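The first residue in the sequence is number 1, and the count goes up from there. Because the structure is predicted, anything quoted here is derived from the model rather than measured.
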Amino acid sequence: QVQLLESGGGSVQAGDSLKLSCEASGLTFYCTYDFSWYRQAPGKEREFVSSLYGGGRSNYADSVKGRFTNARGRDKNSLYLQMDSLKPEDTARYYCKTQVTVGICGPKGDYWGQGTQVTVSS
């Protein structure tokens with residue numbers, strides 16, 4: 001089964017940087033997967049942050065565009081979110097997500113990690 005594990009969160013000051021990691025397991029070797037990052041702050045709905053598609057294209061929410069950057073590891077099982085110029089409003093728990101749409105690539109459905117906390121103080 002596909003499993004995701006996020007890491008790299010922490011407590012920083014405004015203007016600092018963090019690099020989040022998402023380690024995937026249970027992926028089929030010859031399959032291509034699309035990944036996304038979401039975040040959720042206490043009392044708020046989960047919101048989209050960024051997507052990294054198998055072909056290399058990325059999309060970003062307007063709130064993070066120009067500050068956050070997607071990357072995928074050489075082994076195809078590691079994803080990264082480089083976060084620069086962090087703001088207090090970036091404080092949230094960040095989640096990694098992937099989607100399986102082809103049965104031979106694994107059980108169909110959405111898969112989420114447990115999240116990693118990012119706290120930015122002013």
Is the positively charged end of Arg46 above the ring of Tyr95, judged by distance under 6.0 angstrom from the centroid and angle within 45° of the axis? yes
Report the distance from atom NZ of Lys97 to atom CD of Glu6, rounding to the nearest 0.5 Å. 13.0 Å
Under 4.0 Å between a Lys/Arg side-chain N and an Asp/Glu carboxylate O for Asp62 and Lys65? yes
Measure the shortest side-chain to side-chain distance between Ser63 and Arg39 over non-hydrogen atoms and say whether it is less than 4.5 angstrom. yes
From Tyr94 atom OH to Leu20 atom CG, the distance as rounded to the nearest 0.5 Å: 7.5 Å
Any donor-acceptor pair under 3.5 Å from Thr91 side chain to Val120 backbone: yes
Taking every non-hydrogen atom, the tightest pair across Pro107 and Tyr111: O-OH, 2.5 Å
Could you state whether Leu27 and Leu79 fall into the same hydrophobic cluster, counting links through intermediate Ile, Leu, Val, Met, Phe, Trp or Tyr residues with side-chain heavy atoms under 4.5 angstrom apart? yes
What are the two closest non-hydrogen atoms of Asp34 and Gly54, and how far apart are they? OD1-N, 2.8 Å
Are side-chain heavy atoms of Arg93 and Gln114 found at a separation under 4.5 Å? yes
First locate atom OG1 of Thr98, then atom CD of Gln3, and finally report the distance between them rounded to the nearest 0.5 Å. 13.0 Å
With sequence neighbours left out, the residues meeting side chain to side chain contact (heavy atoms under 4.5 Å, CB included) with Ser21 are Ser7, Glu23, Tyr80
So, Tyr33 side chain and Thr28 main chain: donor-acceptor pair closer than 3.5 Å or not? yes
To the nearest 0.5 Å, tell me how far Asp16 CG sits from Asp90 CG. 11.5 Å
Any donor-acceptor N or O pair under 3.5 Å, side chains Asn59, Ser51: no
CH2 of Trp37 to CG of Leu52: how many Å apart, nearest 0.5 Å? 11.0 Å
Return yes if some donor-acceptor pair links the side-chain N/O of Thr116 with the main-chain N/O of Gly9 below 3.5 Å, else return no. yes
Under 3.5 Å, side chain of Asp84 to main-chain N/O of Ser17, donor-acceptor pair present? no
For the student: nearest non-hydrogen atoms of Ser122 and Ala14, plus distance: CA-CB, 4.3 Å
Look at the side chain of Arg72 and the backbone N and O of Phe35, then say whether any donor-acceptor pair between them is shorter than 3.5 Å. no
Looking at side-chain heavy atoms only, is the closest gap between Leu81 and Asn70 below 4.5 Å? yes
Residues Ala24 and Leu4: closest non-hydrogen pair is CB-CD2, 3.6 Å
Before you tell me yes or no, could you show the steps for Tyr38 and Trp112 under ring pair (Phe, Tyr, Trp, His ring centres under 6.0 Å), namely the whole-Å CA-CA distance, both residues' side-chain angles and the distance that decides it to 0.1 Å? CA-CA 10 Å; Tyr38 289 77; Trp112 295 83; 5.2 Å; yes
Any donor and acceptor pair, going by atom type alone, linking the side chain of Gln82 with main-chain N or O of Phe68 inside 3.5 Å? no
Does any non-hydrogen side-chain atom of Val118 lie less than 4.5 Å from one of Leu18? yes
